[in-house]
Amino acid sequence: MPQSRRHPAGPAPDSPAPRPGGIAARASAALASGAPEASYLAGLNPEQREAVETLEGPLLVLAGAGTGKTRVLTARVAHILASGRAFPSQILVVTFTNKAAREMKERIHAMVGDQIEGMPWLGTFHSIGVRILRRHHELVGLKSGFTILDTDDQIRLLKQLLAAENIDEKRWPARLLASTIDGWKNRGLSPKDVPAGEGAVFANGKGGMLYAAYQARLKALNAVDFGDLLLEGIRLFRENPDVLAEYHKRFKYLLVDEYQDTNVAQYLWLRLLAQGSKNVCCVGDDDQSIYGWRGAEVDNILRFESDFPGAKVIRLERNYRSTGHILSSASHLIAHNEGRLGKTLFSEGEDGEQVSVTGAWDSGEEARAVGEEIEQLQRAGHKLSEIAILVRASFQMREFEDRFVTLGMPYRVIGGPRFYERAEIRDALAYLRCVNSPADDLAFERIVNVPKRGIGDATVKQIHDVARAAGLPLQEAARVLTQSEELKPKVRGTLRGLIEAFDRWREQARALPHTELAEIVLDESGYTEMWQKDRSAEAAGRLENLKELVRSMEPFENLPGFLEHISLVMDADNGAGEDAVQVMTLHSAKGLEFDTVFLPGWEEGLFPHQRALDEQGKAGLEEERRLAYVGITRARASARIWFASNRRIHGMWNSTVPSRFLDELPDAHVRVEESRGGAGWGGSSYGGNSYGQSRFDRAEPFAASSYSTPGWQRAQASRARPGGGFSGGSSGGFSERGGKSYDAGGGRRGGPTVIEGTLIASSTGAPSAFKPGERVFHIKFGYGEITGIDGNKLTVLFDKAGEKRVLETFVEKT
DNA sequence: ATTTCATGACTTTTT
DNA sequence: GTCATGAAAT
């Protein structure tokens with residue numbers, strides 16, 4: 001690592017002392033004189049290399065899917081350091097997620113070694129935002145040690161405000177107000193900036209006022225929400241030019257990842273900081289902008305050149321991930337969008353396998369067939385962790401999960417409720433927050449009656465009244481109240497017990513390590529016991545989570561340190577690595593890649609989602625299309641798209657029409673397949689033939705729907721075509737206009753309906769160790785009673801989940 | 001104060 | 001159909 005030696009050893013990392021001239025000159029001289037190429041440049045293609053080496057002035061790197069965007073960012077940091085143009089502490093690197101920040105950190109570490117230790121300004125927008133606010137808290141009217149509210153706290157606070165204003169929470173839910181305020185904050189609007197008309201939309205003109213009241217409450221609680229971390233930062237910079245100037249001096253180079261996801265507030269924040277050195281490098285892909293619904297402005301990336309005068313744009317179009325057919329399909333699809341900066345991805349790899357499109361009769365068959373294909377892949381030696389199922393909406397996951405549970409196929413759901421969002425974790429954290437800070441009213445409110453200890457709404461209201469009257473935090477108010485005669489003796493006793501417990505824990509906190517303290521708190525509060533008594537399926541997992549929480553505290557110095565970290569980093573590393581099929585939404589798949597990707601549910605209404613079309617019109621459609629593009633480009637070698645002809649929506653069975661996106665795929669790169677599993681596999685898991693019959697009843701107009709016209713037209717056409725039958729047969733239905741024709745799986749089913757029962761009957765084996773009537777426990781479904789046994793498959797009536805068929809290896813006797 | 005019942009929503013999700 | 005939330009019943 002020659003670059004580490006080039007670095008001056010003299011000044012402390014944080015000292016600005018810029019004397020890059022001499023070093024830079026030496027570095028470039030070394031490069032020019034044909035010195036051995038720096039290791040971080042090895043293997044970069046010409047465009048990547050240009051993006052790494054163009055250090056001065058604004059730069060936009062348009063990096064298509066799989067073109068080595070992170071590689072460029074990390075190499076660029078290495079290059080800045082190696083050339084001695086800046087100290088590690090003078091580089092600002094912002095990402096969106098903690099995960100991205102972590103990965104970036106690791107990869108930079110691999111390149112530059114310990115210099116990464118001197119980079120405190122690598123993190124998410126929000127973590128850097130807090131860092132700045134903590135340094136200048138007094139300038140924005142906050143006391144040191146201000147707390148950061150999570151969404152739950154936010155909603156609770158808003159509910160109180162709505163109640164105080166006598167606004168009907170039914171008609172104007174706090175949740176809606178929260179997202180409205182969030183939206184304003186995303187757009188960089190403080191209460192006075194909200195256009196009057198917009199502020200009036202909520203609760204008959206009270207929206208703007210509520211926003212202002214909310215901000216006032218935050219200040220009173222010495223708290224900020226996530227939006228404030230940026231918004232207050234912007235205000236700080238605008239009102240204090242000297243502070244801004246300090247940061248201008250500090251940040252010589254700014255790097256931004258996933259620029260297409262920035263919202264207006266983030267853009268403003270960044271622009272203020274970038275006005276200093278002007279060396280701002282944004283990396284992103286307008287075609288992967290899929291977060292418009294939470295405030296991301298594709299416009300930011302489209303406007304980059306005019307926002308940052310003199311900006312240079314470099315396109316990375318050489319794809320290293322996917323095979324030819326996959327890449328061509330994705331490119332052809334995304335080309336239907338207008339308003340793109342435009343990139344043409346190419347690869348030098350092989351064409352590989354075509355993208356397959358398969359129709360299934362219904363979502364159940366879709367899951368079954370996909371499950372079967374995965375079993376085949378597994379038998380062929382594919383790793384399960386290289387197979388992903390990417391769905392549009394999370395409700396689609398359940399059917400796959402159920403299927404995998406039945407098959408005994410290991411799977412892992414990515415996303416879903418995150419670790420720190422789980423109720424038990426939030427409760428535990430609320431206890432710790434109360435110990436840490438007696439003034440944390442929101443935390444106190446959360447746990448005052450968890451576990452149930454008889455302190456209900458009425459008592460809480462009394463505490464509130466005392467608190468408001470005396471200007472005390474809730475905990476202190478509660479203490480005062482227990483000293484008075486106002487409470488019933490029983491309630492008074494328990495409340496006093498709780499307050500005393502907190503006092504005791506606070507005392508112990510001085511002496512004990514914080515992990516031990518946490519265990520004591522959870523134990524003595526009765527919280528652990530509450531879950532131990534719980535007989536539901538999740539209880540065991542929750543207790544496990546609590547243990548995990550305590551473990552996760554270990555690396556931290558003390559309790560406050562841990563709590564600060566937690567409020568920003570709401571994710572935990574859910575132990576990856578095991579060999580399991582990955583199930584997730586398209587959104588959470590961004591940035592990942594797999595050998596094989598299944599893309600189920602490509603039907604009008606689901607994908608593109610009806611609501612995106614209704615609410616956002618063309619912009620919504622284009623974002624959905626970008627989502628489709630993201631989905632296809634996740635695949636290295638195999639992309640398999642599915643659609644079902646029937647799907648249950650809100651509990652009702654609906655006929656569906658294949659997605660218009662299927663029309664937009666290029667014929668040459670797509671292979672239309674018939675659903676595997678034909679007769680004998682179709683049908684429902686209920687095993688009832690009444691359902692099989694109804695299938696035929698409903699099937700007629702839809703099963704053979706060709707999709708060479710846009711979705712809704714197709715729907716009209718197929719309805720208007722009574723002769724168009726399901727009986728198209730295994731020849732693959734018929735096609736209009738010579739276009740592609742998709743035959744839903746049901747189409748080739750000519751004979752009598754064979755239900756899954758045949759399969760079950762054939763799976764006889766050794767006598768089961770279980771008996772009907774026995775109580776069992778299942779990791780996913782909880783407790784239940786065996787109602788039937790068939791070989792190694794049990795039918796169990798679960799207390800919570802209803803009747804399910806499961807493999808006996810997945811249950812244990814209770 | 002707690003349990004049970006009914007009502008309504010039901011895309012995506014980070015910080 | 002299913003889940004969460006809020007109001008009536010206990």
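Basis for what follows: all heavy atoms, side chains included, without hydrogens, waters or symmetry-related copies.
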Tabulate protein N/O versus nucleotide N/O from nucleotides 9-13 of chain B, keeping only pairs under 3.5 Å, one per line.
| unit_1 | atom_1 | unit_2 | atom_2 | d |
| --- | --- | --- | --- | --- |
| dC10(B) | OP2 | Arg611(A) | NH1 | 3.2 |
| dT11(B) | OP1 | Arg611(A) | NH1 | 2.2 |
| dT11(B) | O4' | His609(A) | NE2 | 3.2 |
| dT12(B) | OP1 | Ser394(A) | N | 2.6 |
| dT12(B) | OP1 | Ser394(A) | OG | 2.2 |
| dT12(B) | O4' | Arg392(A) | NH1 | 3.3 |
| dT12(B) | O2 | Trp293(A) | NE1 | 3.2 |
| dT12(B) | O2 | Arg392(A) | NH2 | 3.4 |
| dT13(B) | OP1 | Thr585(A) | OG1 | 2.5 |
| dT13(B) | O4' | Arg294(A) | NH1 | 3.4 |

Please list, pair by pair, any protein nitrogen or oxygen found under 3.5 Å from a nitrogen or oxygen in nucleotides 7-10 of chain C.
none

Please write out each protein N/O paired with an N/O of nucleotides 2-8 of chain B under 3.5 Å, distance rounded to 0.1 Å.
| unit_1 | atom_1 | unit_2 | atom_2 | d |
| --- | --- | --- | --- | --- |
| dT2(B) | OP1 | Gly454(A) | N | 3.3 |
| dT2(B) | OP2 | Asn449(A) | ND2 | 3.2 |

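Here the two rings, on Phe598(A) and Trp642(A), have centers that are 6.0 Å apart or farther.
Going from atom CZ of Phe125(A) over to atom P of dT15(B) covers 13 Å, rounded to whole Å. Rounded to whole Å, the distance from CD1 on Ile566(A) to C1' on dT15(B) is 13 Å. Atoms CG (Leu487(A)) and C1' (dA1(B)) sit 14 Å apart, rounded to a whole Å. Atom CD1 of Ile128(A) and atom P of dT14(B) are 19 Å apart (whole Å). One atom, CD of Glu258(A), and another, C1' of dT14(B), lie 12 Å apart when rounded to the nearest Å. Distance, Arg647(A) CZ to dG1(C) P: 17 Å, rounded to whole Å.
At the heavy-atom level, Thr459(A) lies under 4.0 Å from the strands shown only through sugar-phosphate atoms. Looking at heavy-atom distances under 4.0 Å, Lys159(A) makes contact with sugar-phosphate atoms alone, never a base.
Contacts between residues 259-271 of chain A and DNA chain B, defined by a heavy-atom separation under 4.0 Å, are absent.
Arg217(A) is linked by a salt bridge (charged side-chain N to carboxylate O under 4.0 Å, His left out) to nothing, counting only residues two or more places apart in sequence or in another chain. Applying the salt bridge (charged side-chain N to carboxylate O under 4.0 Å, His left out) rule to Lys590(A) yields the partners Glu258(A), Asp261(A); only residues at least two apart in sequence or on another chain are considered. For His587(A), the ring pair (Phe, Tyr, Trp, His ring centres under 6.0 Å) criterion is met by Tyr291(A), Trp293(A), not counting sequence neighbours. Checked against salt bridge (charged side-chain N to carboxylate O under 4.0 Å, His left out), Glu424(A) has the following partners two or more places apart in sequence or in another chain: Arg542(A). Take Phe146(A) and apply the ring pair (Phe, Tyr, Trp, His ring centres under 6.0 Å) test, not counting sequence neighbours, and it matches no residue. Partners of His136(A) by ring pair (Phe, Tyr, Trp, His ring centres under 6.0 Å), not counting sequence neighbours, listed by chain and number: Tyr247(A). The ring pair (Phe, Tyr, Trp, His ring centres under 6.0 Å) search around Tyr629(A) returns none, not counting sequence neighbours.
A salt bridge links Lys533(A) and Glu529(A); the closest N-O separation between the charged side-chain nitrogens and carboxylate oxygens is under 4.0 Å. For the pair Asp465(A) and Lys461(A), the salt-bridge criterion is met [side-chain N within less than 4.0 Å of a carboxylate O].
The side chain of Asn98(A) contributes an N or O atom lying less than 4.0 Å from OP1 or OP2 of dT15(B).
The only option from Arg392(A), Arg660(A), Lys618(A) that meets the salt bridge (charged side-chain N to carboxylate O under 4.0 Å, His left out) definition with Glu624(A) turns out to be Arg392(A).
The aromatic rings of Phe607(A) and Trp602(A) sit perpendicular, their planes meeting at an angle over 60°, well past the 30° parallel limit.
Contacts classified as side chain to side chain donor-acceptor pair (under 3.5 Å) and involving residues 174-186 of chain A (residues at least two apart or in different chains) are given here: Trp184(A)-Glu198(A), Lys185(A)-Gln215(A), Lys185(A)-Asp225(A), Lys185(A)-Asp228(A).
Side chains of Gln160(A) and Glu445(A): a donor on one and an acceptor on the other come within 3.5 Å.
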